Amino acid sequence: MKFFICLLALQQLYVQIVAQDFDFFYFVLQWPGAYCDSRHSCCYPKTGKPAADFGIHGLWPNYKTGGWPQNCNPDSQFDDLRVSDLMSDLQREWPTLSCPSNDGMKFWTHEWEKHGTCAESELDQHDYFEAGLKLKQKANLLHALTNAGIKPDDKFYEMKHIENTIKEVVGFAPGIECNKDSSHNSQLYQIYLCVDTSASKFINCPVMPHGRCDSRVQFPKF
Ligand code: U2P
């Protein structure tokens, strides 16, 4: 009997320590020009117009079978004091574009509470946001694309060219999501990179997001 209780306790311990509550992250970057073109409006944050660069949308825990956990811990609320040292980086690299114009707290609160709380076994609130910032620096996507002649100049580019360029610099194929602007142009909107559960290394995507892109897409100005 004692043996079985011990076995049960060990099994519990295994579940708590080893078992993952998600399989990988999508690190999602958004092109502000496409966000602003495809909605009725976008609003610049109170800190001013963001740079013409990809902004972070989120770092989303996902399952390799598709689907994702969300809102995992209602007791873990976003606390700006925990990221005070990251605030200027968050304002620059993870800017909100939703209306009405605001200081970004709402966006970061949403991303933490919906997604970050599902990765708390791996990253606390500070490390979650810091990981996003580091991944953005590591990917340096706009630099890679412009070096390959793919610029935010309202011109159209081959999806294959965009995908291959990102694959060359990151090491793994990205997922790409497009939006339609008011003239029904397919626009480069979000880039998904897959990341390991410690949020430090890019990996091969176990499952790709649905992209809805034409074979040629517009890279709109911002
Ligand atoms: O795609 C529309 C919205 O669904 C949420 N989403 C999508 C894919 C995924 O893997 N995980 C996920 O959460 C996003 O919601 P948000 O974080 O913006 O609330 C995405 O915008």
Side-chain angles (χ1 to χ4, degrees), residues 20-45 50 54-74 76-78 80 83 90-91 93-123 125 128-133 135-136 139 141 163 166 170 172-181 186-199 201-214 217 220:
Q20 295 289 345
D21 28 24
F22 63 103
D23 299 316
F24 71 100
F25 286 104
Y26 278 137
F27 177 55
V28 186
L29 290 152
Q30 62 182 2
W31 181 251
Y35 181 103
C36 291
D37 274 6
S38 60
R39 316 261 161 142
H40 287 303
S41 55
C42 68
C43 291
Y44 299 153
F54 288 94
I56 302 171
H57 182 167
L59 184 59
W60 302 341
N62 260 254
Y63 300 124
K64 57 179 182 248
T65 46
W68 60 88
Q70 59 183 42
N71 299 107
C72 295
N73 184 2
S76 175
Q77 283 164 1
F78 178 74
D80 58 334
V83 291
L90 288 175
Q91 284 165 348
E93 311 290 356
W94 204 319
T96 180
L97 286 167
S98 68
C99 295
S101 177
N102 65 90
D103 60 8
M105 291 298 174
K106 207 173 141 207
F107 187 26
W108 306 321
T109 299
H110 171 80
E111 291 301 311
W112 169 254
E113 292 178 0
K114 180 170 176 186
H115 303 285
T117 56
C118 301
E120 269 185 303
S121 59
E122 298 289 328
L123 300 163
Q125 206 173 120
Y128 174 80
F129 285 97
E130 190 176 49
L133 293 166
L135 288 166
K136 169 151 188 238
L141 288 187
E163 280 165 350
I166 295 174
V170 172
F172 303 97
I176 297 183
E177 181 187 349
C178 294
N179 259 341
K180 294 252 184 221
D181 72 358
S186 182
Q187 294 188 321
L188 180 63
Y189 171 42
Q190 299 207 110
I191 298 182
Y192 292 63
L193 299 175
C194 293
V195 178
D196 72 327
T197 53
S198 68
K201 285 194 297 278
F202 294 119
I203 57 168
N204 230 337
C205 282
V207 49
M208 280 291 187
H210 299 297
R212 295 185 293 266
C213 296
D214 292 352
V217 298

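For the numbers below, each heavy atom of this structure counts, side chains included, while hydrogens, waters and symmetry mates do not. From a predicted model like this one, the values you see are computed outputs, not experimental measurements. All ligand and atom numbering here is 1-based and tracks the order in the structure. Positions are given from 1 along the sequence.
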Requested in this report: Decide, based on the SG atoms alone, whether Cys42 and Cys99 are under 2.5 Å apart.
Outcome: no

Report summary line: Residue, atom and distance of the protein heavy atom nearest atom 20 (C) of ligand 1 read Trp60 CH2, 3.6 Å

**Report entry** Atom indices of ligand 1, in the order listed, that fall short of 4.0 Å to a heavy atom of His115
**Finding:** 12 (C), 13 (O), 16 (P), 17 (O)

Query raised in the report: Any N or O of Trp68 that comes nearer than 3.5 Å to an N or O of ligand 1?
Result: yes

Query - Numbered atoms and elements of ligand 1 in range of Asn62, under 4.0 angstrom, heavy atoms - result: 10 (O)

Query - Which of the ligand 1 atoms, numbered from 1, are nearer than 4.0 Å to a heavy atom of Tyr26 - result: 10 (O)

**Report entry** Winner among Gln190, Lys114, His210, Glu111 once heavy atoms are compared against atom 15 (O) of ligand 1
**Finding:** Lys114

Query raised in the report: Is there at least one protein heavy-atom neighbour under 4.0 Å from atom 1 (O) of ligand 1?
Result: no

Report summary line: Atoms of ligand 1 under 4.0 Å from any heavy atom of His110, numbered from 1 in the order shown, are 16 (P), 17 (O), 19 (O)

Requested in this report: Assign the ring pair His115 / Trp60 to parallel, tilted or perpendicular, where the plane angle (0 to 90°) is split at 30° and 60°.
Outcome: parallel

Query - Matching residue for Tyr26 among Tyr63, Trp68, Tyr192 - test: ring pair (Phe, Tyr, Trp, His ring centres under 6.0 Å) - result: Tyr192

Query raised in the report: Hey, does the side chain of Asp181 reach the backbone of Asn179 with a donor-acceptor pair shorter than 3.5 angstrom?
Result: no

Query raised in the report: If we ignore angles and hydrogens, is there a donor and acceptor under 3.5 Å between the side chains of Ser76 and Trp112?
Result: yes

Query - Whether Phe107 and Trp94 hold their rings parallel, tilted or perpendicular, with breakpoints at 30° and 60° - result: perpendicular

Query raised in the report: Does the side chain of Trp31 reach to within under 4.5 Å of the side chain of Pro220, using non-hydrogen atoms?
Result: yes

Report summary line: Per-atom filter on ligand 1: closer than 4.0 angstrom to a heavy atom of His57 are 16 (P), 17 (O), 18 (O), 21 (O)

Query raised in the report: With a 4.0 Å cut-off on heavy atoms, is Gln70 touching ligand 1?
Result: no

